[in-house]
Amino acid sequence: MFDKLDALETRLSELESRISAPDLYADPENAAKLLREQGELAPIVEAYRAYKRAQRTIADATEMLSDPELREMAQDELAAAKADEARLEAELKLLLLPRDPNDGKNIIVEIRGGAGGEESALFAASLYRMYSMYAAARGWNVEVMNANETELGGYKEIIFQVTGDSVYSRLKFESGVHRVQRVPETESQGRVHTSTATVAVLPEAEELDFKIDPGDLRVDTFRSSGAGGQHINKTSSAIRITHLPTGTVVECQDERSQFKNRDKAMRVLRTRLYEAEVKKRDDAIAADRRSQVGTGDRSERIRTYNFPENRVSDHRIGLTLYKLDRFLNGDLDEVLDALITADTAEKLKAQGN
C-alpha cells in the first residue's frame, strides 16, 4: 500500500508542476484531464502526508519517554498520534479502493411508468418529484430534457438532467424497478394496487468521453404535443435524432426552440451511447469484480414504497424504514448512505481477498 502511496505523492507533485505552467490551457481537453486527475489524487496524498506526520510524532514522542521531565507530555502526544495513525490508515484504505470514474459526474435520469397503467405514470411523477426535492436540498440543479405527460398529471416517461457536486456518486444505485403499493386515485373501492416504474441513472457523457460522427445521425423535426395529444406548438420545434449504427432514438420537445431541443437531445444521445459502451466493457469483467450492492439493471426490483404502512424497503440491503412520507419529500440520505456503505464494505472485502 505504501509503495503505491509514494508513487501517488510523486504523481501529484508532477501534476501540480504541469498545471502551474502558463501554456496549460492551450490544450483545453488535456487541461481538463490533468485538473480532474489532480482533484482525485489530492485527498489521498493529503491523508498520506498526515499519516506520515503522525508517524514522525510517534517516533519523537517515543524518544521523549526516556526524559523524566517530558514523560507525561510525551505519553499524551504518543497516545494522540497513535490514534491519528490508526484513523488515517483506515481512511487511506478507503481512499485507495477502486474508484468509479463516473462518481464526480452529472447524471441524466430516465423514469418510465411500468406495470399499472395510469397509476404507474402517477408513481413516475412521484419519483420525479422525490428526486427533484432531494436535488434542491443539496443545491443541485434539475433540468427536464423531455417529458411525456398523461392527462392526470403522471408521466409515461420523463428524462431530466441533474447537475452539481458528485451527483452520480450519490444516486448511482437508484437504477432499477421501483414498486409502489397504494390505493390509486382512480380506485373507487379502496383496494391497494401494486404498480411499478423503472429508473435509469446514467452518468452524463461529455464531449471528452464520447464523440459522435455527425454522419451517423438522422435528424427529424416535428410539432410538439401535450398530454392527450393536443398540439401546443404550431411550429416544428420538436427534434428526433436517430443514431443510425445502433438504431438509438432520442426525442426532445420540451423547449419551444428547435436549437435548444436539439442540444438537449444530443446530450441524452451521447449519454445513452456512452452508457452502452460502458455496459459492453463491464459485461466482460468477471462477476467477482463487480459491485455486490446490485447490478443496477433496470429489470431488477430494488425498492418497495408501501403507502398503507408508510414503509419504504430497499431489497438489496434489507433496509426498511417507516417514514415513506419523508422519503418521498426528498429525505433519501439514510437509504443512500446505507447503500454506499454496503458497496464500500463489499469492495473492502474483495480487496482483502
Any link between [X] and [Y] through a network of hydrophobic side chains (Ile, Leu, Val, Met, Phe, Trp, Tyr) touching at under 4.5 Å?
{"X": "L95", "Y": "M1", "value": "yes"}
{"X": "Y131", "Y": "M133", "value": "no"}
{"X": "V45", "Y": "I19", "value": "yes"}
{"X": "L24", "Y": "L41", "value": "yes"}
{"X": "F123", "Y": "F307", "value": "yes"}

Pairwise ring pair (Phe, Tyr, Trp, His ring centres under 6.0 Å) hits with a residue in residues 33-90, at least two apart: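 Found F2-Y51.
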
Under 3.5 Å donor-acceptor, [X] side chain and [Y] backbone:
{"X": "N310", "Y": "L324", "result": "yes"}
{"X": "S166", "Y": "S169", "result": "no"}
{"X": "N148", "Y": "K156", "result": "no"}
{"X": "T62", "Y": "I58", "result": "yes"}

CA sep, side-chain torsions, deciding dist, call: E14, R11, salt bridge (Lys or Arg N to Asp or Glu O under 4.0 Å): CA-CA 5 Å; E14 292 173 358; R11 175 59 179 163; 3.4 Å; yes

Is the shortest heavy-atom distance from the side chain of [X] to the side chain of [Y] under 4.5 Å?
{"X": "F173", "Y": "V201", "result": "no"}
{"X": "L269", "Y": "L217", "result": "yes"}
{"X": "L321", "Y": "R326", "result": "no"}
{"X": "I158", "Y": "L127", "result": "no"}
{"X": "V268", "Y": "C252", "result": "no"}
{"X": "E91", "Y": "L88", "result": "yes"}
{"X": "R267", "Y": "T271", "result": "no"}
{"X": "E110", "Y": "E157", "result": "no"}

Report, as yes or no, whether the 6.0 Å neighbourhood of atom [atom1] on [X] holds more than 12 heavy atoms from other residues, nucleotides or ligands.
{"X": "K323", "atom1": "NZ", "result": "yes"}
{"X": "E72", "atom1": "CD", "result": "no"}
{"X": "D67", "atom1": "CG", "result": "yes"}
{"X": "D333", "atom1": "CG", "result": "yes"}
{"X": "K52", "atom1": "NZ", "result": "yes"}

Pi-cation contact, F222 with R240 (under 6.0 Å, within 45°): yes

Working to the nearest 0.5 Å, report the span between [atom1] of [X] and [atom2] of [Y].
{"X": "E204", "Y": "R270", "atom1": "CD", "atom2": "CZ", "result": "8.0 Å"}
{"X": "Y134", "Y": "L328", "atom1": "OH", "atom2": "CG", "result": "15.0 Å"}
{"X": "S132", "Y": "N141", "atom1": "OG", "atom2": "CG", "result": "10.0 Å"}
{"X": "L65", "Y": "E77", "atom1": "CG", "atom2": "CD", "result": "10.0 Å"}
{"X": "L332", "Y": "N329", "atom1": "CG", "atom2": "CG", "result": "10.0 Å"}
{"X": "R303", "Y": "L319", "atom1": "CZ", "atom2": "CG", "result": "9.0 Å"}

Exercise: identify the closest heavy-atom pair between [X] and [Y]:
{"X": "V250", "Y": "A265", "result": "CG1-O, 3.6 Å"}
{"X": "S120", "Y": "A197", "result": "O-CB, 4.4 Å"}
{"X": "L122", "Y": "G153", "result": "CD2-C, 4.2 Å"}
{"X": "A81", "Y": "T57", "result": "CB-CG2, 3.7 Å"}
{"X": "V249", "Y": "R272", "result": "O-NH1, 3.1 Å"}
{"X": "E118", "Y": "G154", "result": "OE2-N, 4.2 Å"}

Evaluation steps, side-chain contact (heavy atoms from CB on, under 4.5 Å), between I159 and V144: CA-CA 6 Å; I159 301 171; V144 174; over 6 Å; no

Stepwise salt bridge (Lys or Arg N to Asp or Glu O under 4.0 Å) test for D84 and R87: CA-CA 5 Å; D84 285 343; R87 174 181 58 79; 3.5 Å; yes

Trace of the side-chain contact (heavy atoms from CB on, under 4.5 Å) decision for I111 with F160: CA-CA 9 Å; I111 303 177; F160 57 98; 3.7 Å; yes

Test applied, side-chain contact (heavy atoms from CB on, under 4.5 Å); reference residue, L339; option that passes from E174, K172, R170: E174

So, [X] versus [Y]: side-chain donor-acceptor pair below 3.5 Å or not?
{"X": "T304", "Y": "R179", "answer": "yes"}
{"X": "N306", "Y": "Q181", "answer": "yes"}
{"X": "T163", "Y": "E143", "answer": "no"}

L171 vs I107, side-chain contact (heavy atoms from CB on, under 4.5 Å): CA-CA, chis, key distance, verdict: CA-CA 9 Å; L171 293 178; I107 60 174; 3.8 Å; yes

Worked verdict on R182 versus S126 for side-chain contact (heavy atoms from CB on, under 4.5 Å): CA-CA 12 Å; R182 66 182 176 187; S126 297; 3.8 Å; yes

S313 and its side-chain hydrogen bond (donor to acceptor under 3.5 Å, both in side chains) partner, picked from H315, R311, E309: R311

